[in-house]
Every structure is written in structure tokens, then in C-alpha cells.
Asker: 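Got a structure here, written out as C-alpha cells. Questions coming.
Remember, it's a predicted structure, so these values are computed and weren't measured experimentally. Residue numbering restarts at 1 for every chain, and letters A, B, ... go by the order of the sequence lines. For the numbers below, each heavy atom of this structure counts, side chains included, while hydrogens, waters and symmetry mates do not.
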Protein chains: 2
Amino acid sequence: MKLSSKGQYAVRALIYLSYNSKENSVPVGLKEIAAGESISLHYLEQIFFTLKKAGIVKSLRGPKGGYLLNKKPSELFIGDIIESVEPIEITSCISKSKAKKECGRKSVCLAFDMWNSVSKKITELLNSITIQDVIDEYKQKKQI
Amino acid sequence: MKLSSKGQYAVRALIYLSYNSKENSVPVGLKEIAAGESISLHYLEQIFFTLKKAGIVKSLRGPKGGYLLNKKPSELFIGDIIESVEPIEITSCISKSKAKKECGRKSVCLAFDMWNSVSKKITELLNSITIQDVIDEYKQKKQI
DNA sequence: ATTTAATATAGCTTTTGAGTATATAATGCA
DNA sequence: TGCATTATATACTCAAAAGCTATATTAAAT
């Protein structure tokens with residue numbers, strides 16, 4: 001039961017972006033993020049393309065270009081970031097996407113409601129943490 | 001972010017076992033469980049082998065043999081079942097197993113503590129639910 | 001015009017999930 | 001005793017997905 005690297009990278013990259021962009025107004029290039037977080041540049045490009053489509057970041061092309069957060073770090077939730085690059089679904093039977101066909105055992109499955117409730121709680125947990133929270137905690141820890 | 005089929009099957013199979021074994025003293029064969037839950041028999045054998053090694057079930061060989069729960073359903077937690085067949089680790093960097101080498105970025109990683117805390121909370125969540133809870137809820141739902 | 005960096009696809013490689021296959025060992029029952 | 005039944009134990013296959021690479025193209029700043 002683990003998060004894919006896409007989800008992990010997206011979160012780490014956005015923390016980096018937020019932490020390293022002066023007042024969230026100076027765009028940060030992917031080259032810098034890739035180097036700073038040890039992530040493949042091309043792979044990161046794909047991830048940021050998705051993040052942009054989800055409205056989480058905005059981009060500036062050309063020299064001195066890069067990416068900017070579309071929201072304040074205190075309003076950007078870990079869960080929203082992850083959900084934009086991969087579904088947060090503990091089991092496929094609880095999927096809401098219409099592409100996936102419904103599980104036939106649903107009506108007789110003793111576990112279905114439990115999976116549903118667990119998945120919901122995990123989403124709530126991930127959406128109770130913002131990028132700002134993570135940064136604040138790190139700064140506090142560094143001081144000690 | 002999803003549970004592997006091993007984890008899902010293990011939980012479903014044990015709910016079935018608990019629900020269908022009279023007073024938890026009559027062993028239930030894998031053939032029956034496989035048919036009842038639409039799971040491949042051979043695959044289920046592997047899973048139950050693991051569950052036995054983890055001390056979650058005990059077995060009886062020969063005709064009329066099968067598996068029995070090693071604990072009362074009210075003392076058997078979803079999290080323990082899942083953890084016996086796959087690690088509950090949101091990221092590999094928080095792995096406790098010595099086989100996996102430690103992540104080199106750990107000391108400079110802003111996200112590490114957050115992953116750790118999230119993983120812990122998910123484990124707690126899964127260990128707040130017992131097999132008995134799931135069965136009780138199902139019975140209650142059926143009455144309405 | 002040239003450089004920098006994002007946009008957009010296409011394709012490759014490795015791992016793991018999921019399931020099969022097969023052989024052996026123990027037990028109950030006729 | 002011997003046969004059927006069920007668990008134990010490995011080893012192997014196959015497909016899909018994860019993870020990453022490669023290669024253009026497009027846009028903007030200087």
C-alpha cells in the first residue's frame with residue numbers, strides 16, 4: 001500500500017517550489033527543481049503538465065520562466081496535489097470514474113462499505129495538511 | 001494509491017471465514033472461500049500460507065480440514081491483516097525493514113516527517129477496525 | 001536571432017502484481 | 001490399507017503498469 005512516485009514527486013516538487021520561490025512571485029524552473037530534489041527532468045515535466053491542467057500551478061515560458069503556485073501555500077492541500085496525478089482509492093471497487101465498470105459483487109460484499117469509509121478518511125487526512133504546514137514544521141525543527 | 005489485491009483478498013477472505021465458520025470452531029476450506037469470494041484458489045493458498053506464518057489463522061489438514069481464525073473476530077484488526085501480506089508504507093523512505101537501504105535525502109527532506117506522520121495515522125485508522133465491526137455493520141444494514 | 005524553458009508525444013525498460021503449475025505431505029474415512 | 005481431501009511449498013509465466021528517456025515543437029525574453 002504505497003503512493004506512486006508521481007504522487008511523491010509532485011508533493012516534494014511543490015514543497016520545493018514554495019520554499020524556494022521568493023514570495024511566490026518569482027518562477028522556478030524545472031531544471032532547478034529536478035536538481036534540488038533529484039528527480040528526472042523529463043519525468044518532472046510530465047508531472048508539472050498534469051499539475052498545470054489541474055490548476056495547481058501556472059507557467060511562464062522563455063528565459064527566466066518556470067512555474068508558480070496558483071494558490072497560497074496555506075491553501076494548497078497534500079491530498080489535492082496527489083489526487084491530481086493519481087486516484088486516492090484504496091480499492092478499485094470504490095472508483096467513481098465512469099471508465100471503470102462497477103464491481104459485480106458490490107451488493108453482496110461485506111467489505112465494500114468499510115473500504116469506502118477508510119478511503120474517505122484517508123482523503124480527509126491528506127486534505128488536512130497544507131504545503132505551508134510542512135514548511136512551517138521544517139523551519140521549526142531546524143531552529144531546535 | 002491503492003491496496004494490492006493480496007491485501008484486499010486477505011481481508012475479504014477472513015471476513016468470509018469469520019462469517020461462515022460456526023462459532024469459529026469449524027474449519028473452512030479454501031475451496032469454499034475461493035468460490036464464495038471469487039478468488040483464484042491457488043492465489044488464495046499463497047495468501048493463507050502467509051497469514052498462517054503471521055499467526056492470524058491456524059490450519060487443519062485432511063478431509064474436513066481447512067482454516068480457523070487464531071483470534072476472536074473482535075480482536076482481529078484490518079491493519080494487522082494487511083500488514084501481514086504487504087507493508088503499509090505510503091513511501092519507501094519510511095520503511096523500517098533493514099533490507100531496504102535508507103534514503104540518502106532523509107536529513108534534508110522537507111517531506112519526510114510528513115510522510116511518516118501520515119503513514120502512522122493510516123496504520124492507526126486501519127487498526128481501529130476489527131473483522132467483527134465489519135460483520136456487525138453488515139448485519140445491521142441487512143435488517144434495515 | 002538566439003537562448004531558455006515549457007508543451008506534447010512516443011517509446012523503452014524494469015518491476016511487480018496477479019495468477020498458474022506442479023509436486024509433496026498430512027489426515028480422515030471407507 | 002488405500003484413497004480422497006486438504007494444506008504446504010516452490011517455481012514459473014504473463015501482462016500491465018510504473019518509471020523513465022528521447023525527440024520534437026512552441027513560446028517568450030533578451
Asker: Got a list of protein N/O to nucleotides 22-24 of chain D N/O distances below 3.5 Å?
Answerer:
none

Asker: Specify the separation, in whole Å, of atom CZ of B/Phe49 and atom C1' of D/dT6.
Answerer: 15 Å
Asker: Quickly work out the A/Glu86 CD to D/dA18 P distance and round it to whole Å.
Answerer: 8 Å
Asker: Identify every side-chain donor-acceptor pair in residues 135-144 of chain B under 3.5 Å, counting partners at least two apart or on other chains, and give the distances.
Answerer:
residue  : atom : partner  : partner atom : Å
B/Asp136 : OD1  : B/Gln132 : NE2          : 3.0
B/Lys141 : NZ   : A/Asp113 : OD2          : 2.9

Asker: How close or far is atom C1' of D/dT8 from atom CG of B/Leu51, stated in whole angstroms?
Answerer: 14 Å
Asker: Side-chain N or O of B/Ser59 less than 4.0 angstrom from OP1 or OP2 on D/dT6?
Answerer: no
Asker: When you check the side-chain N and O atoms of B/Gln8 and A/Thr91, is any donor under 3.5 Å from an acceptor?
Answerer: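 Note: B/Gln8 and A/Thr91 side chains miss the donor-acceptor criterion.
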Asker: Distance check needed: D/dT21 P versus A/Leu41 CG, whole Å only.
Answerer: 10 Å
Asker: Between B/Lys6 and B/Glu86, does the salt bridge (charged side-chain N to carboxylate O under 4.0 Å, His left out) criterion hold? Intermediate values first, please.
Answerer: CA-CA 8 Å; B/Lys6 252 182 193 149; B/Glu86 64 177 291; over 6 Å; no
Asker: With heavy atoms of chain B within less than 4.0 Å as the criterion, where does contact along DNA chain C begin and end?
Answerer: C/dA18 to C/dG28
Asker: Going by an N to O cut-off under 4.0 Å, is there a salt bridge joining A/Glu89 and B/Lys2?
Answerer: no
Asker: Counting the atoms with a prime plus P, OP1 and OP2 as sugar-phosphate, which does B/Tyr43 contact under 4.0 Å by heavy atoms, base, sugar-phosphate, or nothing?
Answerer: base
Asker: Categorize A/Tyr67 for me: base, sugar-phosphate, or nothing, with a 4.0 angstrom heavy-atom threshold over every strand shown.
Answerer: sugar-phosphate
Asker: I'd like to know if the side chain of B/Ser38 and the backbone of B/Ala34 have a donor-acceptor N/O pair within less than 3.5 Å.
Answerer: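 A pair under 3.5 Å: no.
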Asker: Identify which one of B/Leu76, B/Asn70, B/Leu69 satisfies the side-chain contact (heavy atoms from CB on, under 4.5 Å) criterion when paired with B/Val57.
Answerer: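 It is B/Leu69, the one option of B/Leu76, B/Asn70, B/Leu69 that forms the side-chain contact (heavy atoms from CB on, under 4.5 Å) with B/Val57.
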Asker: Ignoring hydrogens and geometry beyond distance, is a side-chain donor-acceptor pair present between A/Tyr67 and A/Ser21 at under 3.5 Å?
Answerer: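 On atom types as modelled, these side chains do not qualify, holding no pair under 3.5 Å.
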Asker: Go nucleotide by nucleotide along DNA chain C from the 5' end; which of B/Tyr9 and B/Arg61 gets its closest nucleotide reached first?
Answerer: B/Tyr9
Asker: Side chains of B/Ser5 and B/Tyr43: any donor to acceptor distance under 3.5 Å?
Answerer: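 The answer is yes; a qualifying pair exists.
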Asker: Establish, from distance only, whether the side-chain atoms of A/Ser119 and A/Asn116 form a donor-acceptor pair under 3.5 Å.
Answerer: no
Asker: When you match A/Lys2 and A/Lys64 each to their closest nucleotide on DNA chain C, which lands nearer the 5' end?
Answerer: A/Lys64
